[in-house]
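Please read the structure below before turning to the comments.
In what follows, chains carry the letters A, B, and so on, assigned in the order in which the sequence lines appear, proteins first and then strands, with residues in each chain numbered from 1.
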2 protein chains.
Amino acid sequence: MSTSSNLINKAVEHLSKFPGIGQKSALRMALHLLKKTESDTIELSQALLTMRTEIKFCRQCYNISDAELCNVCTSPSKDESTVCVVKDFQDVIAIENTGQYNGHFHVLGGLISPVDGIGPSDIKIPELLQRADTGAIKEAILALSSTLEGDTTEYYIAKKLREKGIHVTTLSKGISVGGELEYADEMSLARSIRNRTNL
Amino acid sequence: MSTSSNLINKAVEHLSKFPGIGQKSALRMALHLLKKTESDTIELSQALLTMRTEIKFCRQCYNISDAELCNVCTSPSKDESTVCVVKDFQDVIAIENTGQYNGHFHVLGGLISPVDGIGPSDIKIPELLQRADTGAIKEAILALSSTLEGDTTEYYIAKKLREKGIHVTTLSKGISVGGELEYADEMSLARSIRNRTNL
């Protein structure tokens with residue numbers, strides 16, 4: 001799927017590095033730019049460059065941010081006594097988009113993984129414990145993946161935060177809302193039976 | 001699907017202008033860039049900008065080109081006595097990728113469309129007739145979409161070229177009637193070039 005133009009081939013090569021974008025989609029994207037005005041491409045390139053070079057990490061919660069402190073940390077309407085602990089900034093976006101959570105966040109930037117040599121101090125756990133020491137946090141919601149690394153990290157953080165008298169909760173696990181029971185995986189189904197709730 | 005970062009939102013807004021890229025895919029692309037190094041984004045932006053600003057139109061066939069003459073027109077292995085007449089540079093890429101055609105091209109840059117006020121001299125038909133006058137063209141393959149505009153353009157060009165003693169052929173109707181050329185699969189397109197019929 002190469003063209004006679006090296007300029008286009010180079011653009012396609014870079015565009016096809018995006019997840020889920022194959023050679024054919026990348027070519028369609030490149031040709032789309034050629035059909036639009038030059039200023040459209042200039043604006044796109046500028047937006048991507050500005051985003052990549054100017055983005056910062058919030059010095060309180062380590063979420064990606066346009067300023068020193070992120071929009072969540074500076075928002076007066078957010079409940080700062082509740083902190084949701086997540087692995088990645090993607091998780092912050094996902095949780096914010098549910099519209100069901102009105103507290104602060106803490107982005108770990110990874111999970112404890114002894115196999116990969118990642119210990120508690122390699123991710124933002126010491127910073128979380130420091131935040132806890134200020135006495136501002138009443139509840140910590142551990143929203144980590146249900147994997148070996150997620151469970152290990154959850155266990156470690158829960159233990160440390162409980163020692164500081166902080167109420168620790170985790171996301172409820174079970175079958176997905178709106179999903180067919182027969183397609184649910186056995187682990188989730190087993191867990192949803194074990195953790196069944198009163199009607 | 002907006003985030004707390006205006007920098008990201010701006011990038012997502014531009015990325016979602018690509019055909020087939022929605023808000024969610026655009027966000028995934030933006031976050032992908034944030035996880036890669038700054039130089040990756042710089043290289044991507046540069047490749048898009050360079051492509052858009054440095055691309056030229058071949059002065060012989062009006063295909064997109066890196067130089068004054070495109071790679072097809074300068075290639076010594078291509079048969080210059082056969083010219084494939086197409087609407088768009090996308091069609092050149094599609095036909096080149098079949099590997100079944102070894103001649104030159106002529107990109108019209110549009111089709112005759114009385115409804116839209118587009119006449120023969122609004123597209124590169126006079127330039128095609130000039131090329132024919134040099135006596136270098138023996139066969140012209142009209143590879144236009146099977147639409148009203150495509151058929152009108154085909155009829156007009158065939159008439160003019162036949163007057164100059166040029167053998168005029170058209171793609172065999174292996175391509176679906178009413179479909180756009182750039183979306184035809186390579187097998188059908190290859191077949192329609194091999195089985196081209198006299199007009």
Side-chain angles (χ1 to χ4, degrees), chain A residues 1-15 17-21 25 27-56 58 63-67 70-75 88-90 92-93 96-97, chain B residues 1-15 17-21 25 27-56 58 63-67 70-73 75 88-90 92-93 96-97 182:
Chain A
M1 205 61 206
S2 70
T3 74
S4 62
S5 160
N6 290 326
L7 292 168
I8 296 181
N9 293 346
K10 193 92 186 274
V12 167
E13 183 197 318
H14 281 281
L15 286 170
K17 284 181 186 166
F18 279 116
I21 304 291
S25 307
L27 178 60
R28 195 168 302 156
M29 288 164 76
L31 297 182
H32 171 81
L33 290 181
L34 290 178
K35 291 194 158 188
K36 297 282 171 179
T37 61
E38 265 188 40
S39 67
D40 280 343
T41 305
I42 293 171
E43 281 171 25
L44 166 68
S45 299
Q46 205 52 55
L48 297 182
L49 263 184
T50 311
M51 175 192 75
R52 187 62 190 83
T53 52
E54 290 188 11
I55 208 105
K56 296 177 185 69
C58 172
N63 185 15
I64 43 174
S65 169
D66 295 357
C70 75
N71 287 3
V72 176
C73 285
T74 52
S75 168
D88 238 332
F89 54 77
Q90 268 123 314
V92 174
I93 296 170
E96 280 283 282
N97 278 329
Chain B
M1 206 62 202
S2 70
T3 73
S4 61
S5 159
N6 290 327
L7 292 167
I8 296 180
N9 293 346
K10 193 93 184 276
V12 166
E13 184 197 317
H14 282 280
L15 286 170
K17 283 180 187 165
F18 280 116
I21 304 290
S25 307
L27 178 60
R28 194 169 305 155
M29 289 164 75
L31 297 181
H32 171 81
L33 290 180
L34 290 179
K35 291 194 157 187
K36 297 282 170 179
T37 61
E38 264 188 39
S39 66
D40 280 343
T41 305
I42 293 171
E43 281 170 25
L44 166 69
S45 300
Q46 205 52 54
L48 296 181
L49 263 184
T50 311
M51 175 192 73
R52 188 62 190 82
T53 53
E54 291 188 10
I55 209 104
K56 295 176 184 68
C58 172
N63 184 16
I64 42 172
S65 169
D66 296 358
C70 74
N71 286 2
V72 176
C73 285
S75 168
D88 237 333
F89 54 78
Q90 269 124 314
V92 175
I93 296 171
E96 280 284 282
N97 278 329
E182 61 171 306

Between [options], which residue shows the highest count of heavy-atom pairs closer than 4.5 Å to chain A?
{"options": "B:Glu43, B:Lys36, B:Glu13, B:Arg28", "result": "B:Glu43"}
{"options": "B:Asn63, B:Asp88, B:Val92", "result": "B:Asp88"}
{"options": "B:Lys35, B:His14, B:Glu54", "result": "B:His14"}

Charged N-O contact under 4.0 Å between B:Lys10 and A:Asp66 = no

Presence of salt bridge, A:Asp40 and B:Lys17, under 4.0 angstrom = no

Value rounded to 0.5 Å, distance of CD1 in A:Ile8 from CG in B:Leu48 = 11.5 Å

task = Report the distance from atom CG of A:Leu49 to atom CG of B:Leu7, rounding to the nearest 0.5 Å.
result = 12.0 Å

query = Considering only heavy atoms, which portion of A:Glu96 lies under 4.5 Å from any heavy atom of chain B: side chain, backbone, both, or neither?
reply = neither

task = Dump the intermediate steps for side-chain contact (heavy atoms from CB on, under 4.5 Å) on A:Leu31 and B:Ile93, then the final yes or no.
result = CA-CA 11 Å; A:Leu31 297 182; B:Ile93 296 171; 4.0 Å; yes

side-chain contact (heavy atoms from CB on, under 4.5 Å) assessment of A:Ile55 paired with B:Ser5 = CA-CA 9 Å; A:Ile55 208 105; B:Ser5 159; 3.6 Å; yes

task = Return yes if some donor-acceptor pair links the side-chain N/O of A:Arg52 with the main-chain N/O of B:Ile42 below 3.5 Å, else return no.
result = no

remark   = chain B shares the most heavy-atom pairs under 4.5 Å, among A:Ser25, A:Ser65, A:Ala30, with A:Ala30

Best-contacting candidate, A:Thr53, A:Thr50, A:Ile21, against chain B by heavy atom pairs under 4.5 angstrom = A:Thr53

task = Locate the shortest heavy-atom distance separating A:Met29 from B:Phe18; write the atom from each residue and the value.
result = O-CE2, 3.4 Å

request  = Please step through side-chain contact (heavy atoms from CB on, under 4.5 Å) for the pair B:Asn6 and A:Met51, ending with a clear verdict.
outcome  = CA-CA 9 Å; B:Asn6 290 327; A:Met51 175 192 75; over 6 Å; no

key: B:Ser75 versus chain A, the contacting section by heavy-atom distance below 4.5 Å   = neither

request  = Could you tell me which portion of B:Leu15 (side chain, backbone, both or neither) has an atom closer than 4.5 angstrom to a non-hydrogen atom of chain A?
outcome  = both

